[in-house]
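This report concerns only the one structure given below.
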Amino acid sequence: MISIQKRSAVSLRQKLPKQAVAILAALVVGALVILLFGHNPLAVYKEILSGALGSRYSRAQTIETLVPLLIMALGVTICYKIKFISIGTEGQLYIGAMFATYIALHLKGLPGPILLPLMLLASVLGGGLWCLLPAFLKVKFDTNETLVTLMLNYVAIKFITYLQYGPWKDPNVIGYPVIPQFTKNAILPDVLGIHAGWIIALALLVLTTVMLYRTKLGYKITVLGENPATARYAGFGTMKLTLLATFLGGGLCGIAGFIQASAIENSLTASISGNLGFTAIVVAWMGRLKPLPIAGFGLFVAVLIQGCAYLQISMGISHFMANVIQAIILFFILGSDFFINYRIAFRRAGEVTA
Amino acid sequence: MPLLTMKDICKSFSGVYANDHINLSIEEGEIHALLGENGAGKTTLVNILYGLYEADSGEIFWNGEKASFRSPADAIRAGIGMVQQHFSLVRNMTVLDNVILNLPGNAAFLKRKEAGEKFARLAAAHGLLVDPGAVVADLTVGEQQRVEILKALYRNVKLLILDEPTAVLTPQETVNLFQVLRSLAGEGYAIIIITHRLSEIMEVTDRVSILRSGRKVAELDTASTDVHELSRHMIGHDIDEMPPPDIPPREAPMLRLDSVSLERKRLAQPLHDIRFSIRKGEILGVAGVEGNGQKELAEVICGIRRHTSGTIFLEDADISHLGVRPRYEAGIAYISDDRQGDGLVPDMNITENLALRAYGKPPMARHGLVDARAMSKVAAEKTQEYQVLASGRSGAATPVRLLSGGNQQKLIIARELEEGGKLIVACQPTRGLDIGASEFVHQKLRAWRDAGKSVLLISADLEEIRMLSDRVAVLFGGRVVGVLTREEASVQALGLLMGGVTAAAAEGAGA
């Protein structure tokens, strides 16, 4: 009989070689696929790197991809910490962006230093509420949060489209319906050549880390996620705690929406996420729900995304091909996780693990 | 020739004998009871027979031939069926599909019509009424049990094993089950029934084997015995007299339960009309066979479950409406019986687990921020004081799942026995501990009592109950069936109450 057993303790020394092997294996398999399509793997890998990091411009692009990716990965991490398996990052991003846009369009008379923080707060509220809805359904009616959050993504995106074609349509633009452009005071300024979202992302990285590891709230969240029975035993008020954690998690995703709308699109459209919401979920798991590794893997994935986009221009490789390479690499890294934390044991039939 | 003979069966788990040279033989048409306390070895024995465990030594003869069953599939093929305590039914499939699931004769296409006819024949013949088209999840527990029995009969078994079959049944369902068992025995089926309920043994069985600590201590004809003799064998002979209490309890009550009930749908064991009080400086033991409401009682007192009627007083203040946290603040601490289940967070470390109660107050936290250094300091002090030994070099950073049971238990006790506490609810506090660790726990509970505080000691270990308690309450079927003083709490008296034989009933049975 074959059984899968959890390893008792995993040291960094056991962990690192396996992760290195995984990345190496991914690159090798990726190379085979590239060969299959008639390209030189080494040249392709080189182009990915230079496309993502080769110039000042490409570095800025990579950082701008990293910002929403990191913020949303931190957001779902808070949800996952309490075993609330949300895949609603996209929807939360859009509703956050929608709330921020409402402020941007209706209070455009305010100066930037007041307007932007208001937009940020509104985006937290929007994303938070959008995550609170499935959380409420879960604690009250025991619904499956994964399904509900998935559905709510489509509801959110369709709702943005509705706003674009209906109530929020810019009356001054003739032809294709759009939501009005933000005024200058509603657009995040550049700092050191990159939009200020990177400062927000950095601040959130620090705040999330402190929250998870240094506050009472973080302690309670960890206990609730690791063993809900113990949380009840200690009287943590598990229902309220679940709602609070999911609100925070959704709120972070909402902030990513605010940044994308304000700094990248300067407006609201139904495509501001660029599917980064789903990628953020993968990044959160790659980083094993720990903020610093998440930042590291976030950067890695941002480089891949940016570099692969560049491949299309420089080598004429379809971006679908780029997706394949990305997927292979992610697959191996996530797969290595299994072998890091579990071992496969063979035992004779009849033996009993007491 | 007996249908089944088990000879000199031995089985040990990590050096402890669960079965120590057990002999058992069953005839066709016989209903045979296996009686014993928790951990006596009953379930281990039938699991060996059913192919779930392999015996270390000993032989099994089936129909006179030597047999060895390496899996339940083997046992079923030979003609041995078992209804386990936790049913193995697929909840969202129909009754009929459950019955024909994984039959050896199944081809790619199921012959449901044929199967349905055989099912109907069997069900009618034995009075096992269930709708074959119903989905299992919609059935009552009693009906699910009937499905399990039918599943076995469908496979043409000759011997049916039932593990605590009445634990989950209503009295009416129990009566029905016994009729079914009688009818099966009448047709030549042999039946092994595991139970701790003395009255049921008297009612339905032909013979009784009594196990204690892995040994078979007696085999009796039901017709020529009575509940007193059974309980004496089950519990063993009188243990040493209890040492006198160091300090007599005071009169003032610490905790009082006034007609407390916990009655909700889908509750494994409801509680009915519980009334008792614990005085200051008193240890009140709660004896009973596990699963008779112990966990529920502990959780109701601590506020983890809300009772549905009645009132709970702590030092004359009504605490019925308070949640877990405020009750803890008011002085109620709780040693859970399930260390890894709810008492600890197995994947978190010693320091973090010790902080579970006090994480939010100085010195561990200030202004919402947790002070890791203060936590470590508290952890260092507590592990020293309570002699928690962490293996390896990681010390207080060791995940608690790597600690031994004894050390895990010390950790919980170190956390729960706080200065400001008044009452500790100690649920099976020494289960699985070695003698040294058990003594340590006992000593701590005694010191707590001697300091004028109170202990509710819930334990399945009668020796422990009798050694520590000033008074003993007995739980049976979610009711307190008796509260005995130290002097009255003889092993016999407790044994009868634990088997559900109250004073009035015992007189009737004895006559």
Side-chain angles (χ1 to χ4, degrees), chain A residues 1 5-14 80-83 142 144 206-241 244-245 248 288-290 340-342 347-354, chain B residues 11-16 18 44 47 51-55 68 70-71 299 302-305 322-329 334 336 338 340-348 352-353 355-361 364-372 375 392 394 397-399 401-402 412 415:
Chain A
M1 222 190 294
Q5 299 174 349
K6 197 165 184 179
R7 285 179 192 273
S8 50
V10 185
S11 70
L12 201 63
R13 248 196 314 167
Q14 282 173 305
Y80 293 163
K81 275 273 182 184
I82 59 161
K83 302 267 152 67
D142 198 24
N144 180 313
V206 174
L207 282 177
T208 312
T209 311
V210 170
M211 191 278 279
L212 286 178
Y213 297 111
R214 288 281 170 268
T215 65
K216 296 202 286 195
L217 178 62
Y219 176 78
K220 288 204 274 193
I221 284 177
T222 313
V223 171
L224 175 61
E226 290 284 348
N227 196 347
T230 312
R232 275 192 295 278
Y233 170 109
F236 280 176
T238 53
M239 203 181 274
K240 263 192 218 155
L241 191 55
L244 178 59
L248 289 178
R288 297 203 58 74
L289 309 185
K290 294 194 177 95
I340 288 171
N341 291 293
Y342 295 86
R347 63 188 179 104
R348 275 192 312 123
E351 266 181 72
V352 176
T353 33
Chain B
K11 175 78 188 173
S12 65
F13 293 108
S14 36
V16 180
T44 305
N47 280 347
L52 284 166
Y53 295 160
E54 209 174 343
S68 112
R70 300 193 63 95
S71 70
E299 293 195 344
C302 301
I304 297 169
R305 288 174 196 256
L322 295 183
V324 179
R325 194 81 214 159
R327 286 195 203 187
Y328 175 76
E329 306 280 341
Y334 175 32
S336 159
D338 192 355
Q340 305 236 23
D342 57 16
L344 296 169
V345 188
D347 278 327
M348 290 172 85
E352 289 165 330
N353 271 285
L356 192 70
R357 291 293 197 185
Y359 71 95
K361 285 180 294 190
M364 287 197 184
R366 282 175 219 282
H367 315 298
L369 287 184
V370 171
D371 184 342
M375 270 191 188
S394 27
T398 312
R401 79 188 143 84
L402 298 180
I412 295 183
R415 186 183 70 209

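Within every chain, numbering begins at 1; the chains are lettered A, B, ... in the order of the sequence lines, protein sequences first and strands thereafter.
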Please evaluate residues B/D342 and A/R232 with respect to the criterion side chain to side chain contact (heavy atoms under 4.5 Å, CB included), reporting the C-alpha separation (whole Å), side-chain torsions for both, the decisive distance (0.1 Å), and the verdict. CA-CA 8 Å; B/D342 57 16; A/R232 275 192 295 278; over 6 Å; no

For B/L344 and A/Y233, what are the C-alpha separation, side-chain angles and deciding distance, and is it a side chain to side chain contact (heavy atoms under 4.5 Å, CB included)? CA-CA 9 Å; B/L344 296 169; A/Y233 170 109; over 6 Å; no

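Put simply, CD on B/Q340 and OG1 on A/T230 are 10.0 Å apart, with the number rounded to the nearest 0.5 Å.
For chain A, no part of B/Y328 is nearby; none of its heavy atoms comes within less than 4.5 Å. Interface remark: A/Y213 contributes no atoms to any contact with chain B (heavy atom separation under 4.5 Å). When heavy atoms are compared at a cutoff of 4.5 Å, B/S336 approaches chain A by way of both its backbone and its side chain. Within the 4.5 angstrom heavy-atom criterion, only side-chain atoms of B/R415, from C-beta onward, approach chain A. For B/E352, the parts sitting under 4.5 Å from any heavy atom of chain A are the backbone and the side chain alike.
Closest approach of B/V345 and A/E226 over heavy atoms only: CG1-CB, 3.1 Å. B/R325 approaches A/G235 most closely through the heavy-atom pair CB-O, 3.8 Å. Here the shortest heavy-atom pairing between B/G341 and A/A229 reads O-CB, 3.4 Å. Of all heavy-atom pairs between B/M348 and A/T222, the closest is CE-CG2, 3.6 Å.
Among the candidates B/L369, B/D371, B/L356, the residue making the largest number of heavy-atom pairs closer than 4.5 Å to chain A is B/L356. With chain A as the partner, the residue from B/A372, B/G343, B/A365 showing the most heavy-atom pairs under 4.5 Å is B/G343.
Between the side chain of A/Y219 and the backbone N or O of B/G360, no donor-acceptor pair lies under 3.5 Å.
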